[in-house]
Amino acid sequence: MTVLRVVTLAPALLVSFVLTVVMCALLPPALGLVAFMAAGGVLVALAMGQLQQPAIAALTNSRPATEAEFRVMAPVLAELGGRGVDIATLFVRRAQRPSTPVAVAVGRRTVVVSPGLVDATYRGGVTGAEAAAALAHAVGRHRALRPRVELAVLAATTPWRLIVATFLGIGRAFAWLRFMRLAWTLRGVVGVICVVQSMVEGRAWAGLLGGAVIALTYLVPAAGRRIDLRTEAEADQFVLGLGLGPVLAGLLRRYGHPMTLERMQRLDTATDHPAEQPQRPRLHLVHG
């Protein structure tokens with residue numbers, strides 16, 4: 001997991017640092033220096049555990065749950081608290097898109113949920129146990145990743161994620177052009193030609209740099225998929241340990257979430273020895 005995370009984070013951090021330096025260099029000297037120092041100070045504060053709530057709100061485009069949302073989700077959080085999963089703060093996304101995850105754990109005992117989950121829970125489309133299973137799976141993913149200075153890393157890689165989102169949007173806009181897909185499929189061949197031609201012309205460093213960039217377009221997505229599979233499996237085991245595996249499986253099937261046969265069998269497995277439940281659940285809720 002450490003190697004996979006290095007493969008995915010190193011390019012993001014490097015590109016983000018270069019973009020930040022370039023942007024600061026375009027500003028007047030004094031203003032650029034102040035902006036660079038301010039960005040560094042924010043990252044240090046986040047790494048030390050400060051500015052948690054405003055950082056989560058900004059980085060996830062969310063806000064603390066309102067009083068009404070809190071009342072809807074309070075029984076779900078109490079259910080998780082009774083099973084030993086302590087969620088201290090609940091945030092709700094400001095907007096929901098098709099790619100918006102249902103729930104994401106971030107920072108210190110904080111979960112960010114989609115407004116759709118809150119609405120479905122209120123209307124009865126999702127039961128309290130199913131909502132608890134979805135939140136528990138998000139917590140399980142977070143525990144599987146074991147991120148360090150998570151918010152600082154998220155903030156530091158913001159330029160990279162903006163660039164990736166921009167290129168993905170451009171790619172979707174021109175996906176109907178056949179030669180675009182063909183060019184992307186043949187990028188490895190282009191990389192090999194780039195390296196060979198540059199070495200023949202005596203500019204090996206330029207060719208190797210271009211080849212490395214193209215190689216990363218294979219390595220980074222592959223490492224990301226591998227991380228997703230491993231964290232998903234560990235999160236499934238975490239949910240199973242809470243006795244919510246079949247509940248989560250039923251929820252995913254009902255909403256048509258793609259699942260492999262292995263995952264369906266894993267989630268449907270009954271837990272013979274569920275985790276011991278605390279006699280007095282601890283629950284600390286913070287709401288807007």
Side-chain angles (χ1 to χ4, degrees), residues 1 5 42-94 100-118 121 126 128-157 227-228 230-232 234-245 247-248 274-288:
M1 181 66 76
R5 285 182 61 79
V42 170
L43 293 181
V44 171
L46 292 175
M48 295 177 63
Q50 304 300 317
L51 306 175
Q52 294 280 308
Q53 292 204 14
I56 293 173
L59 293 171
T60 62
N61 190 29
S62 62
R63 51 170 175 72
T66 64
E67 184 70 29
E69 292 166 338
F70 169 76
R71 286 197 300 268
V72 171
M73 299 302 294
V76 177
L77 300 180
E79 170 76 14
L80 289 173
R83 296 175 183 269
V85 181
D86 188 12
I87 297 177
T89 311
L90 183 70
F91 277 68
V92 179
R93 303 270 187 181
R94 295 182 181 276
T100 301
V102 172
V104 173
V106 62
R108 297 176 179 175
R109 297 181 300 154
T110 299
V111 172
V112 182
V113 300
S114 67
L117 177 64
V118 179
T121 304
V126 173
E130 290 172 337
L135 267 63
H137 196 269
V139 173
R141 275 185 175 272
H142 191 264
R143 293 187 179 187
L145 284 172
R146 296 185 295 275
R148 297 180 179 179
V149 293
E150 178 184 14
L151 292 177
V153 172
L154 282 175
T157 55
I227 290 174
D228 285 341
R230 293 187 62 175
T231 54
E232 181 182 81
E234 293 190 34
D236 288 347
Q237 292 299 327
F238 178 74
V239 174
L240 276 170
L242 298 176
L244 294 172
V247 176
L248 179 62
E276 294 183 2
Q277 307 300 330
Q279 294 182 352
R280 294 187 177 181
R282 295 179 299 109
L283 186 62
H284 307 283
L285 303 177
V286 177
H287 56 88

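Positions are given from 1 along the sequence.
Judged by distance alone, the side chain of Arg93 and the main-chain N or O of Thr60 form a donor-acceptor pair under 3.5 Å.
Residues His137 and Glu232 share a closest heavy-atom pair of NE2-O, 3.8 Å. Between Leu59 and Leu151 the shortest heavy-atom distance is CD1-O, 3.8 Å. The minimum heavy-atom distance between Thr100 and Ser114, with the atom names listed, is CG2-CB, 4.3 Å. Closest approach of Arg146 and Arg143 over heavy atoms only: CG-O, 3.0 Å. Closest non-hydrogen pair, Ala235 versus Arg141, comes out as CB-N, 3.5 Å. Taking each heavy atom of Leu244 and Ala129 in turn, the nearest pair found is CD2-O, 4.3 Å.
Residues Leu77 and Val111 have side chains not in contact (no heavy-atom distance under 4.5 Å, counting atoms from C-beta outward). When side chains are defined from C-beta on, Leu145 counts as touching Ile227, because their heavy atoms get closer than 4.5 Å. At a threshold of 4.5 Å between non-hydrogen side-chain atoms, the residues Arg148 and Arg5 do not count as touching. The shortest distance between side-chain heavy atoms of Val106 and Leu154 falls below 4.5 Å.
To the nearest 0.5 angstrom, Arg108 atom CZ is 10.0 Å from Ile56 atom CD1. Note: Leu135 CG to Leu80 CG = 6.0 Å, rounded to the nearest 0.5 Å.
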For a quick test of your reading: what N or O donor-acceptor pairs under 3.5 Å do the side chains of residues 43-50 make, sequence neighbours left out?
none

Worked check of side chain to side chain contact (heavy atoms under 4.5 Å, CB included) between Arg109 and Thr89: CA-CA 7 Å; Arg109 297 181 300 154; Thr89 311; over 6 Å; no
Residue pair Leu90, Phe70: steps toward the side chain to side chain contact (heavy atoms under 4.5 Å, CB included) verdict: CA-CA 8 Å; Leu90 183 70; Phe70 169 76; 5.8 Å; no
